[in-house]
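Take a look at the structure set out below.
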Number of protein chains: 2
Amino acid sequence: MKDLTIAKAAREADVGVETIRFYERRGLIEQPRKPQSSGFRVYSPELVKRIKFIRQAQQIGFSLHEIQELLSLRADPAADCSMVRSQAIAKLEEVKRKIEQLRQIGFALESLIAVCPGRGGLQACTILDTLEPDHGPPPPRIRADGPLPAIPPKRRRQNGKFGTDNRQQRRAT
Amino acid sequence: MKDLTIAKAAREADVGVETIRFYERRGLIEQPRKPQSSGFRVYSPELVKRIKFIRQAQQIGFSLHEIQELLSLRADPAADCSMVRSQAIAKLEEVKRKIEQLRQIGFALESLIAVCPGRGGLQACTILDTLEPDHGPPPPRIRADGPLPAIPPKRRRQNGKFGTDNRQQRRAT
DNA sequence: ATAGGGTCCGTACCCTAGTACGGAGTCAAG
DNA sequence: CTTGACTCCGTACTAGGGTACGGACCCTAT
């Protein structure tokens with residue numbers, strides 16, 4: 001595969017042209033210019049791959065900022081490897097948590113589907129029930145293999161008795 | 001556990017008070033009023049659970065709109081069961097896709113961690129490589145026809161050759 | 001009863017992640 | 001050369017998801 005113009009790269013990655021330029025401005029992808037040529041951007045297959053990656057990562061709940069972190073996690077001989085490593089470990093934890101949550105939702109959906117065969121009377125059942133961390137997911141016999149990290153406590157407002165004002169905490173979703 | 005005021009419910013669910021009111025306005029949770037009492041909102045444990053669910057679902061890439069759909073997917077005797085069923089099946093597909101994508105990222109991170117023992121020379125390795133659909137475990141291909149549910153498809157000009165969209169203007173050299 | 005924190009509501013504001021637009025330059029085909 | 005498709009850049013605008021106020025009302029302990 002050869003290099004593409006921005007419109008073709010966009011079509012290939014299933015995004016808009018403007019989105020690519022936006023990612024570029026945000027520093028998620030490098031400026032793909034060939035200095036001596038027309039000034040038009042040229043996209044290598046790798047770059048297109050990177051754009052696809054960004055999309056995928058977004059779909060599973062990473063923000064562009066986090067994606068940037070993911071992308072910069074590369075075993076660069078010049079980089080401080082121990083830092084890369086610990087960041088990678090942290091991200092991996094996050095990924096595992098997300099997977100576990102998705103699995104819970106999946107269980108809930110499955111049991112909902114099972115109980116709802118196409119018509120007629122059925123018992124009450126909301127997905128909420130399957131998600132509660134307190135009383136585990138015992139539904140179908142699908143082995144739950146992990147102790148369920150149960151969502152790390154981010155930083156949270158905890159002014160004991162509202163000593164001052166509880167309004168100015170920043171969240172980073 | 002008994003009912004809580006909004007501030008306590010917020011702390012319990014790890015969100016802001018304003019966020020709860022916001023969800024209420026959006027119709028994600030019902031108005032928890034006791035008509036004859038003070039007018040203050042009161043939150044049952046179930047409601048708090050619901051709020052927690054919303055947060056979790058967001059973290060794994062569902063929009064509030066999708067979460068609303070998920071929440072309304074309940075085996076309600078009054079509901080059209082076949083519709084609930086097919087929606088649940090669709091959501092389940094989506095969940096499985098997300099899990100697969102997360103697994104890919106997880107693999108990538110693991111191999112990055114493995115190759116990066118804490119210091120020193122290491123080979124080049126980006127997460128991108130592990131994510132490529134072409135050489136991994138075959139995730140159900142969803143190219144082309146999947147509207148990529150988690151990201152607002154919005155208006156993407158797909159007009160192959162910009163048939164009618166010519167907003168560019170002739171320049172006189 | 002009164003003080004101080006809690007709550008109410010509406011509106012305004014903010015950040016993220018794009019999208020749209022305008023005016024102009026570039027490229028390839030005819 | 002002329003066209004029409006494509007690109008560039010900068011700026012403005014949007015939608016989604018909250019956050020922040022402000023002014024007023026409510027509750028509980030002292």
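First the proteins, then the strands, lettered A, B, ... as listed; each starts at 1. From a predicted model like this one, the values you see are computed outputs, not experimental measurements.
With E30(A) contributing its side chain and E24(A) its backbone, the two residues share no donor-acceptor pair below 3.5 Å. Without hydrogens or angle criteria, R33(B) side chain to G39(B) main chain gives a donor-acceptor distance under 3.5 Å.
With dG25(C), dT19(C), dG16(D) as the choices, the nucleotide that has an atom nearest any side-chain atom of T19(A) turns out to be dT19(C). Nearest nucleotide to the F40(A) side chain, out of dG18(C), dT7(D), dG17(D): dT7(D). Distance from the side chain of R41(A) is smallest for dC9(D) among the nucleotides dT7(C), dC8(C), dC9(D). Nearest to the side-chain atoms of S38(B) among the listed nucleotides dC26(D), dG16(D), dA17(C) stands dC26(D).
A close approach under 4.0 Å does occur between a side-chain nitrogen or oxygen of Q58(B) and OP1 or OP2 of dG18(D). Using a 4.0 Å cut-off, no side-chain N or O of R55(A) falls inside it from OP1 or OP2 of dA17(C).
Distance, E18(A) CD to dC6(D) C1': 12 Å, rounded to whole Å. Look at CD1 on I20(A): it is 13 Å from C1' on dG18(C), rounded to the nearest Å. Between the CD1 atom of I6(A) and the C1' atom of dT19(C) there is a distance of 14 Å, given to the nearest Å. Spacing between atom CZ of F22(A) and atom P of dT14(D) amounts to 17 Å, rounded to whole angstrom units. Summarising the geometry, the separation between CZ on F62(B) and C1' on dG16(D) is reported as 17 Å, rounded to the nearest angstrom. Atom pair I51(A):CD1 and dA17(C):P shows a separation of 16 Å (rounding to whole Å applied). To the nearest angstrom, P of dA17(C) lies 17 Å from CD of E24(A). Rounded to a whole Å, the CG atom of L64(B) is 17 Å from the P atom of dT16(C).
Summarising the geometry, atom CD1 belonging to I54(A) is positioned 12.5 Å from atom NZ belonging to K52(A); distances are rounded to the nearest 0.5 Å.
Stacking of K98(B) on the aromatic ring of F62(B) is recorded, both the 6.0 Å distance cut-off and the 45° axial limit being met.
Taking for each of R25(A) and Y23(B) the nucleotide of DNA chain D with the nearest heavy atom, the 5'-most of the two is the partner of R25(A). Nearest-nucleotide assignment on DNA chain D puts the 5′-proximal partner with H65(B), out of R21(B) and H65(B).
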